[in-house]
Student: 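If you scroll down you'll find the structure; I have some questions about it.
Below, all heavy atoms of this structure are taken into account, side chains as well, without hydrogens, waters or symmetry copies. Nothing fancy with the numbering, it's 1 onward along the sequence.
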Amino acid sequence: MTFRFGFASLRVFACALAALVLSMAMAGSASAQTGPRVYLMRGLANVFSTGLDDLASKMQAKGIWAQVYEYGQWQQLADDAVSWSRAHNKAPVVIIGHSLGADSAIEMAQRMTAMGIPPRLVVTFDPVGVTQIGRSGGRFVNYYQSHNGFGKMLTTGPGFSGTLSNRSQDAAAAQGIDHFNIEKADYLHQQVITMVRALGSRPKPRPAPAPAMAAPAVPAPSATPASAPASAPAASTASATAH
């Protein structure tokens with residue numbers, strides 16, 4: 001009898017523990033879903049741009065959803081990003097690309113905007129072909145070199161409703177930074193991670209204003225005693241004097 005009771009108690013404890021672990025996992029998953037979702041796109045032949053894999057790993061270590069893709073998938077990724085954002089109360093989407101992947105990041109942003117959900121942040125490393133941003137919203141940050149034979153500065157075209165910041169890395173050439181490793185620079189990774197993490201932080205709610213103090217009630221005038229004679233109206237007094 002004692003053995004049966006102990007076995008039953010163990011099963012109950014195991015079930016309770018499993019339920020607790022499952023609930024914690026679901027809570028963690030829900031929390032992750034409300035944060036930014038980051039799509040990273042490699043460049044030519046899907047074998048270059050390995051610095052984006054490193055960047056994605058750094059983000060994942062900080063609890064940020066981040067995945068790396070081949071640049072030719074940008075249309076499917078745009079559809080996926082819009083669907084996910086709509087399902088999560090317009091949660092922020094981030095697009096990052098290098099070289100041809102940077103070109104695709106711009107095209108993906110334009111497609112998302114046309115579908116009604118622009119990305120919140122787009123980071124490009126040395127775009128090579130698509131150098132003008134058309135009808136798109138969101139914040140664009142472009143890291144580029146003007147003298148490496150590949151990278152370009154971005155411009156904006158008709159219909160652009162976001163913001164654009166071109167950040168030249170020409171001076172970094174002295175440290176060996178070029179088109180083929182610009183996306184591997186750790187100092188740029190840290191800047192990008194800071195921008196992405198800022199999207200997940202929400203401002204603290206403002207304290208509610210203090211209730212207005214009610215004005216003190218003015219006491220009503222005391223009633224005239226019934227025994228006191230009532231004063232005559234001024235018009236009646238003037239009329240009696242005239243007669």
Student: Any side-chain to backbone donor/acceptor pair from S49 onto G43? Under 3.5 Å, distance only.
Tutor: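 Yes; at least one donor-acceptor contact below 3.5 Å.
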
Student: With a 4.0 Å cut-off on N to O distance, would you call K152 and D126 a salt bridge?
Tutor: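 Judged by the 4.0 Å cut-off on N to carboxylate O distance, K152 and D126 do not form a salt bridge.
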
Student: Side-chain heavy atoms nearer than 4.5 Å, only ILVMFWY residues, links allowed to pass through others: does that put Y144 and L188 together?
Tutor: no

Student: Within the 3.5 Å criterion, strictly below it, is a donor on N166 or N142 matched to an acceptor on the partner's side chain?
Tutor: yes

Student: Nearest heavy-atom pair of D103 and V128: which atoms, and what distance?
Tutor: OD1-N, 3.1 Å

Student: Counting distance only, does the side-chain N/O of N148 pair as donor-acceptor with the main-chain N or O of D178 below 3.5 Å?
Tutor: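 No, the answer is negative, given that no donor and acceptor are paired below the 3.5 Å cut-off.
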
Student: Measure up the F150 and F180 rings against each other and bin them: parallel (under 30°), tilted (30 to 60°), perpendicular (over 60°).
Tutor: perpendicular

Student: Are the side chain of T194 and the backbone N or O of Q190 linked by a donor-acceptor pair below 3.5 Å?
Tutor: yes

Student: If we count only N and O atoms by modelled type, under 3.5 Å, do the side chains of Q73 and Y39 hold a donor and an acceptor together?
Tutor: no

Student: Check for a donor-acceptor pair, side chain of S104 on one end and backbone N or O of Y71 on the other, with a separation under 3.5 Å.
Tutor: yes

Student: What I want to check is whether the side chains of N46 and Y69 have a donor and an acceptor closer together than 3.5 Å.
Tutor: no

Student: Given L52, which partner from the list K184, H98, H189 fulfils the side chain to side chain contact (heavy atoms under 4.5 Å, CB included) test?
Tutor: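 That would be H98; it is the only one of K184, H98, H189 passing the side chain to side chain contact (heavy atoms under 4.5 Å, CB included) with L52.
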
Student: For F125 and Y143, take the angle between the two ring planes, folded into 0 to 90°, and tell me which bin it lands in: parallel under 30, tilted 30 to 60, perpendicular over 60.
Tutor: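 Judged by the thresholds at 30° and 60°, the geometry between F125 and Y143 is parallel.
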
Student: If only side-chain N and O atoms count, and only distance matters, is there a donor-acceptor pair under 3.5 Å linking S146 with D170?
Tutor: yes

Student: Between L164 and I133, is there a side-chain heavy-atom distance shorter than 4.5 Å?
Tutor: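 Yes, their side chains come closer than 4.5 Å.
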
Student: Please determine whether residues W74 and F140 belong to a single hydrophobic cluster, defined as Ile, Leu, Val, Met, Phe, Trp and Tyr linked transitively by side-chain heavy-atom distances below 4.5 Å.
Tutor: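 The answer is yes; both residues are in one hydrophobic cluster.
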
Student: For the pair I193 and K62, evaluate side-chain contact (heavy atoms from CB on, under 4.5 Å) and give the outcome as yes or no after the intermediate values.
Tutor: CA-CA 9 Å; I193 291 172; K62 296 183 180 297; 3.7 Å; yes

